[in-house]
Amino acid sequence: MAVLQLPKLCRSNKHLISCCRVSWYSHTNKTAHVQAQVLYSSLARADDNNGHAKSKKITPFTPTPGNKLLGGVFGKKAKGPAASILQQQQQRQQAPLPQQLRQCHVHIGGGGDGGNALGKLDAPEVTSQDMLRAMMAYIWPKDDALVRKRVGISLGLLAGSKLLTVCVPFLFKGAVDTMTTLNMDTAPDAVLSAATAMLLGYGIARASAAGFNELRNAVFAKVAHHSIRKIATNVFLHLHNLDLAFHLNKQTGALSKTIDRGSRGINFVLSAMVFNIVPTIFELALVSSILGIKCGLAFAGVSMGCVGVYALYTLSVTQWRTRFRVYMNQAENEAGNKAVDSLINYETVKYFNNEKYEAGCYNEVLRKYEAASLKTSSSLALLNFGQNAIFSTALSLIMVLAAKEIAQGNMTVGDLVMVNGLLFQLSIPLGFLGSVYREVRQALLDMQAMFTLMNVDSRIQSPVNAQPLFVDNSNASIEFRNVSFEYEPGKPIFKDLSFSIPAGKNVAIVGGSGSGKSSIVRLLFRFFEPNTGKVLIGGQDISSVDLECLRKTIAVVPQDSVLFHNTIEHNIHYGNLSKSHTEVENAARMADLHDSIMSWPNQYNTQVGERGLKLSGGEKQRVAIARAILKNTPILIFDEATSSLDSITEHNILQALSCATSGRTSICIAHRLSTVKEADEILVLANGRVGERGTHMELLRQNGLYARLWETQTQQFDPSRLTDETRKQAADAC
Ligand SMILES: Nc1ncnc2c1ncn2[C@@H]1O[C@H](COP(=O)(O)OP(=O)(O)OP(=O)(O)O)[C@@H](O)[C@H]1O
């Protein structure tokens, strides 16, 4: 039994501004990860001051699902016993948990989302080092010699361009010094040609340095884009592997923005890492050494001092500016979410004439974004000005020093030109250093959100050494054994639910709205896991079988059919991508859709619009049915599959479905009882259990909840036939 000490003291703490739940998250069958998160630092201060006195009130706490806890708030500087207990929780503890606590998940909340619009992700945070390490694996992959070769060539080109760049001021100095001897020399033509050669060399060196740079960019571009593609694909796949609960809690707008910004960040950081940071430091050292050797220690001292002050200023101001970028990202995510949510609900907005309200909400979020961007740009102006001021001061100082040396005859005018050239050359990488640091920090922030996503574990995974699911039409039985389940603590959906469906039978599940019919499908498909009890298919516990194998065994026609923004052919074909066009057509025929499709101008190439909005509700349902037929699985589930169809179409489809499902195990969820009265057995859900079960006639004879529902629907209701108990049940169900 896991016992956590939680700071009861927080209950009385006036600084507490957040009420949160502790996360119980089962990665394996026997352990739970417990993670506390930093929410506010105000409590930390209170804890600092009075930690000892308050620690007396700490009592052990035995967690159960749904227990509401207060606290979990501390800052980096938190001290005292209360803080140390919280810190213990923060370090991921692994404690064996009893069965009923396994796989029960509640997440830390409580406002003050300091992150982004993705909310708090239930994953350890990714550090900059983690990300750099991960990226290094992409740019220097052990298994891809071609990529390594490209990186090597790019580095060679980089070295060539740097050397040429450093030569430029020397050639210019040579030309100026040669020209100054023009009047005193006896052979002006020779001097002129020497100066011309040096000036030509100057031009060639400049052009070649630039050429090498561009060539390097071109060679490296493939490495960068290749890495971006790989990382973005991995993130995308990872998102698809996360469980339904994650996706129900996250907003798609924020997710796509996070991937978008994260991928852009990768491009920047990759180039910066290889071509800017290390080579810039090298160039700074080179230029300072040349200045020191050629012109003296004073010159080197001023240039090094300038670099030091410049770097210090840049780093500290950039650090300070980072928070504005975080606000900006948050506001941008929020704006993206708002826009997507509002546009997806276009029709609802119109039905209720709420365009202005929606625009107002969007404007409000944009206002936040505007404020954050203004702060970002004004602080950037401050940074740029400061950098310029530092550099100009150093440049003036060095030029004064050079002028003095010329006056004393220690340096030539050419030297002055060379110093000037070197310093200007220095200003380029220095400017880069500032902006690269700035951009790298910002890119790392963007990437952090994306990589943190990669750290989120799916709660539903195939167990290690998972068995395949050995079922076919002959043995695809389904059993729910003592299943208890709740999405949220304190709101049980099933209480000790048990039923079984023999292989090849067609069973209907009916019950009031919210009684948990669709939840049965989700448990069967392993979108969620029961808190206790087991779900078995063909006698195998589905939590121990391979997830992909399990899902290949079941075809679902969901309650809301959402289609891809593609042709109708693609949408039906999606049910089984290995099937031919003829099989797609056959499935469409069975779903009573083929004739409708053939009457459209573009037939199977008709575009269905975003989420299938160009189709009627009934047509979408028939596409979903055709898909499921095409998937051709031993188990078929229809969740309100014909609710949007007219009676004639429904009748046709039901006939086709009885062919399609014959010999297979099928579950039909329906409100309209006329669609399920032919089922082999009907289960009536009530109060989290199977309240009644039997064939249509048996249930009518039982004269219970089903009879009441049936009579209400067929308008043959005779209240005098109902007992008080049934009346109460029926009232609950309806
Ligand atoms: N992801 C979720 N998180 C929290 N509660 C949920 C979630 N999904 C469903 N519920 C709740 O679980 C209960 C059962 O939902 P379910 O969709 O299984 O009912 P149903 O019987 O299929 O309803 P209907 O006939 O109206 O479709 C409902 O009260 C619903 O609000």
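Note that ligands are numbered from 1 as they come in the structure, with each ligand's atoms numbered from 1 the same way. We're numbering straight along the sequence, starting at 1.
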#### Entry: Beyond-backbone contact of Asp639 with Pro558, side-chain heavy atoms, under 4.5 angstrom
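No - every pair of side-chain heavy atoms lies 4.5 Å or more apart.
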
### Query
Do the non-hydrogen side-chain atoms of Pro530 and Leu523 ever get within less than 4.5 Å of each other?
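Sidechains of Leu523 and Pro530: in contact.
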
### Message
Can you list every protein residue that has a heavy atom under 4.0 Å from any atom of ligand 1, sorted by chain and residue number?
### Response
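For ligand 1, the residues that come within the 4.0 Å heavy-atom cutoff are Leu248, Tyr487, Glu488, Lys491, Ile493, Gly512, Ser513, Gly514, Ser515, Gly516, Lys517, Ser518, Ser519, Arg522, Gln559, His671.
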
### Message
Distance check, rounded to the nearest 0.5 Å: Asn506 atom CG versus Ser666 atom OG?
### Response
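Nearest 0.5 Å value for the CG-OG distance: 3.5 Å.
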
### Task
Could you note down all residue pairs passing ring-ring contact (aromatic ring centres under 6.0 Å, His included) where residues 659-697 supplies at least one of them, sequence neighbours left out?
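Pairs touching residues 659-697 that pass the test: His696-Tyr706, His696-Trp710.
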
### Task
Just jot down the ring-ring contact (aromatic ring centres under 6.0 Å, His included) partners of Phe499, sequence neighbours excluded, or say none.
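For Phe499, the residues satisfying ring-ring contact (aromatic ring centres under 6.0 Å, His included) (neighbours in sequence not counted) are Phe480.
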
### Query
With sequence neighbours excluded, what pairs up with Glu678 under the salt bridge (Lys or Arg N to Asp or Glu O under 4.0 Å) test?
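Result, salt bridge (Lys or Arg N to Asp or Glu O under 4.0 Å) vs Glu678: none returned.
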
